[in-house]
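As a basis for the values below, the full set of heavy atoms in this structure was taken, side chains included, without hydrogen atoms, waters or symmetry mates. Residue indices begin at 1 and follow the sequence shown.
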Amino acid sequence: MQAQARLLLEDGTLFTGRAFGAEGEQTGEVVFNTGITGYQEVLSDPSYCGQIVTMTYPLIGNYGITRDDFESIRPYVHGFVTRRYEPVPSNWRAEYSIDMLLKEHGIIGISDIDTRMLTRRIRHQGTMKGILTTGSKPVEELLEMMSDTTIDELRNQVPLTSTKHVYNSPGIGEKIVLVDYGAKTGILRELNKRGCDIVVVPHDTTADEIRRLNPDGIQLSNGPGDPKDVPHAVEMVSELLGEYPIFGICLGHQLFALAAGANTEKLKFGHRGGNHPVKELETGRCYITSQNHGYTVNEDSIKGTDLEITHINNNDKTIEGLKHTKYPAFSVQYHPEAAPGPQDNSYLFDRFLDMIREHKQNNPQKPRQAVLAAAGKGAR
Ligand SMILES: NC(=O)CC[C@H](N)C(=O)O
């Protein structure tokens with residue numbers, strides 16, 4: 001018989017279900033994802049670091065875990081919640097099950113709970129902390145353990161998910177520095193597909209270190225947590241704005257916005273799933289996007305900056321895309337590298353490369369000072 005697991009929310013709501021994955025206790029921010037497929041990519045998306053993820057689609061596990069579909073080297077979630085968990089995969093590509101993956105990495109899973117009720121609670125109250133346990137500690141003790149988990153433990157996740165060392169993914173095309181805040185491999189894949197010569201660097205790489213790499217453009221990756229927890233990244237971006245073409249994705253979008261003088265704030269329960277409608281304001285066209293974020297750029301804070309809103313979310317009208325009106329830089333809150341999911345948005349990587357080529361054409365072999373002067377920044 002399968003062991004019991006419990007999920008206790010900060011507000012005292014208790015769910016009792018069946019355990020899979022590892023044993024023990026684990027705290028996290030409880031969030032939900034509405035994707036029908038893609039649980040392997042969700043589990044291994046570093047942006048979920050510190051979060052207990054609930055899948056709203058009721059059948060999870062049926063196609064197993066494959067070698068090819070990881071978004072990073074390991075799963076970073078702090079727990080996994082499903083309505084029904086299917087332990088026996090049916091898929092010729094499957095190498096093992098979610099249960100095996102979670103056990104290997106010490107992550108607790110719980111199934112057979114009312115995920116619809118859990119999701120509604122999060123939607124009404126907002127995301128909150130929760131604790132998953134396979135043990136028998138009383139609720140009072142678990143609540144205490146949860147309040148003991150200082151908020152710090154659930155913050156500052158970027159150093160955990162970012163690469164520690166610089167590495168290359170060579171190509172014969174444009175040289176891109178990809179700043180890794182917990183990058184999904186999908187971003188590398190999209191740049192590789194376009195022949196880019198990529199250098200992946202850690203989150204705390206300075207503007208000068210990036211200059212020394214002499215890139216054609218800078219890609220800011222997705223990543224976990226609050227963008228305000230990575231002030232050094234904001235500093236680096238504001239220093240390099242105008243000097244190199246920049247494309248920010250998700251956390252990278254938020255860092256770009258902060259660097260340009262806008263502000264970010266937390267959403268009540270975030271956007272996580274594969275079917276978020278986003279409107280491109282210039283064309284009026286709607287794109288279906290894959291999303292995973294809990295923070296957003298505050299609309300009022302755009303006023304007085306050199307940023308222009310390019311995309312909005314059709315559900316709640318929050319900002320989904322920005323561009324700089326003076327410098328070659330733009331960003332999106334969603335995932336143009338989505339897999340599985342809508343491929344509507346991969347054109348944004350082409351737009352980035354077009355921007356790089358245009359920037360190069362306008363600045364043929366100019367020394368850095370000239371580029372800076374043209375960007376109105378003066379030499380540093
Ligand atoms: N996927 C991401 O990069 C997420 C960005 C940020 N951590 C947020 O939750 O808003």
Side-chain angles (χ1 to χ4, degrees), residues 32-42 44-48 55-57 63 68-72 173-174 176 178 183-196 198 217 219-223 245-254 256-257 267 270-297 307-324 328-358:
F32 63 89
N33 181 300
T34 55
I36 291 173
T37 57
Y39 56 76
Q40 179 171 348
E41 289 83 348
V42 167
S44 58
D45 176 350
S47 299
Y48 285 108
M55 299 301 290
T56 60
Y57 185 69
Y63 59 85
D68 316 317
D69 297 331
F70 285 104
E71 284 291 354
S72 66
E174 273 68 28
I176 308 291
L178 166 59
K184 292 166 66 190
T185 53
I187 299 180
L188 260 182
R189 185 189 57 235
E190 289 299 328
L191 293 171
N192 275 327
K193 252 196 235 168
R194 290 162 176 82
C196 296
I198 309 156
Q219 173 87 63
L220 308 172
S221 86
N222 62 291
I246 295 179
F247 176 24
I249 294 176
C250 216
L251 186 77
H253 155 84
Q254 297 162 355
F256 164 57
L267 289 165
H271 301 159
R272 294 173 184 87
N275 59 352
H276 283 261
V278 162
K279 187 159 138 185
E280 184 175 52
L281 296 179
E282 197 183 350
T283 56
R285 188 181 157 171
C286 180
Y287 292 87
I288 299 301
T289 69
S290 170
Q291 304 206 1
N292 164 23
H293 63 110
Y295 294 84
T296 187
V297 178
L307 292 173
E308 184 184 310
I309 301 172
T310 54
H311 297 77
I312 55 161
N313 188 298
N314 264 352
N315 290 336
D316 64 7
K317 312 295 176 213
T318 51
I319 296 177
E320 293 286 357
L322 290 168
K323 75 171 180 201
H324 204 283
F330 72 106
S331 64
V332 284
Q333 182 63 82
Y334 48 93
H335 293 282
E337 78 288 359
Q343 293 177 356
D344 299 30
N345 305 286
S346 58
Y347 74 96
L348 290 167
F349 290 99
D350 299 317
R351 189 174 281 184
F352 179 39
L353 293 176
D354 287 346
M355 176 181 268
I356 288 175
R357 286 175 204 127
E358 199 187 315

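The shortest non-hydrogen separation linking V297 to A257 is CG2-CB, 3.6 Å. In terms of heavy atoms, L348 sits closest to P336 at CD1-CB, 4.0 Å. Across C196 and L353, no two heavy atoms sit closer than the pair SG-CD2, 3.7 Å. Between S346 and E190, the shortest heavy-atom contact is CB-OE1, 3.8 Å. The minimum heavy-atom distance between I356 and G217, with the atom names listed, is CD1-CA, 3.8 Å. Nearest heavy atom pair, residue C286 against residue N314, reads SG-ND2, 3.6 Å.
Atom-to-atom distance recorded for N292:CG and S47:OG is 5.0 Å, nearest 0.5 angstrom. With values rounded to the nearest 0.5 angstrom, L188 atom CG is found 5.5 Å from L178 atom CG. A distance of 8.0 Å separates CD1 of I36 from OG1 of T56, quoted to the nearest 0.5 Å. Considering OG1 of T34 and CG of N275, their distance stands at 5.0 Å, rounded to 0.5 Å. Interatomic distance, E41 CD to S290 OG, rounded to the nearest 0.5 Å: 9.5 Å. I198 CD1 to L191 CG: the interatomic distance, rounded to the nearest 0.5 Å, is 4.5 Å.
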What verdict does the side-chain contact (heavy atoms from CB on, under 4.5 Å) test give for L267 and H293, after you've listed the backbone C-alpha separation in whole Å, the side-chain angles of each residue and the deciding distance to 0.1 Å? CA-CA 9 Å; L267 289 165; H293 63 110; 3.7 Å; yes
Should H335 and D45 be marked as a side chain to side chain donor-acceptor pair (under 3.5 Å) after you check the CA-CA gap, both sets of side-chain angles, and the distance that decides it? CA-CA 11 Å; H335 293 282; D45 176 350; 4.8 Å; no
From CA spacing to verdict: side-chain contact (heavy atoms from CB on, under 4.5 Å), V332, N345: CA-CA 10 Å; V332 284; N345 305 286; over 6 Å; no
Mind running side-chain contact (heavy atoms from CB on, under 4.5 Å) on E320 and T289 for me, showing each step along the way? CA-CA 10 Å; E320 293 286 357; T289 69; 5.7 Å; no
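Judged by distance alone, with hydrogens and angles left aside, the side-chain atoms of T185 form a donor-acceptor pair with the main-chain N or O of F70 at under 3.5 Å. Using a distance-only test at 3.5 Å, with no hydrogens or angles considered, no donor-acceptor pair links the side chain of Q333 to the main chain of I319. A donor-acceptor pair under 3.5 Å is absent between the side-chain atoms of T318 and the main chain of N313, judged by distance alone. A side-chain donor-acceptor contact under 3.5 Å links Q254 to the backbone of Y295. The backbone N or O of R272 lies less than 3.5 Å from no partner atom in the side chain of Q291, so there is not a single donor-acceptor pair.
The ring-ring contact (aromatic ring centres under 6.0 Å, His included) search around Y63 returns Y39, not counting sequence neighbours. Listed by chain and number, the residues in a side chain to side chain donor-acceptor pair (under 3.5 Å) with N33 are Y48 (sequence neighbours excluded). The ring-ring contact (aromatic ring centres under 6.0 Å, His included) search around Y57 returns none, not counting sequence neighbours. Residues satisfying the ring-ring contact (aromatic ring centres under 6.0 Å, His included) test with F349, not counting sequence neighbours, are F247. Taking Y334 as the reference, H311 meet the side chain to side chain donor-acceptor pair (under 3.5 Å) condition, with sequence neighbours excluded.
Side-chain contact, H271 with N315: no donor N or O sits under 3.5 Å from an acceptor N or O.
Within the structure, every pair that satisfies the salt bridge (charged side-chain N to carboxylate O under 4.0 Å, His left out) test and touches residues 332-356, not counting sequence neighbours, is listed here: K184-E337, R194-D350, E280-R351, D354-R357.
Two residues are said to be in side-chain contact when any heavy atoms from C-beta on lie closer than 4.5 Å; H324 and L307 meet this criterion.
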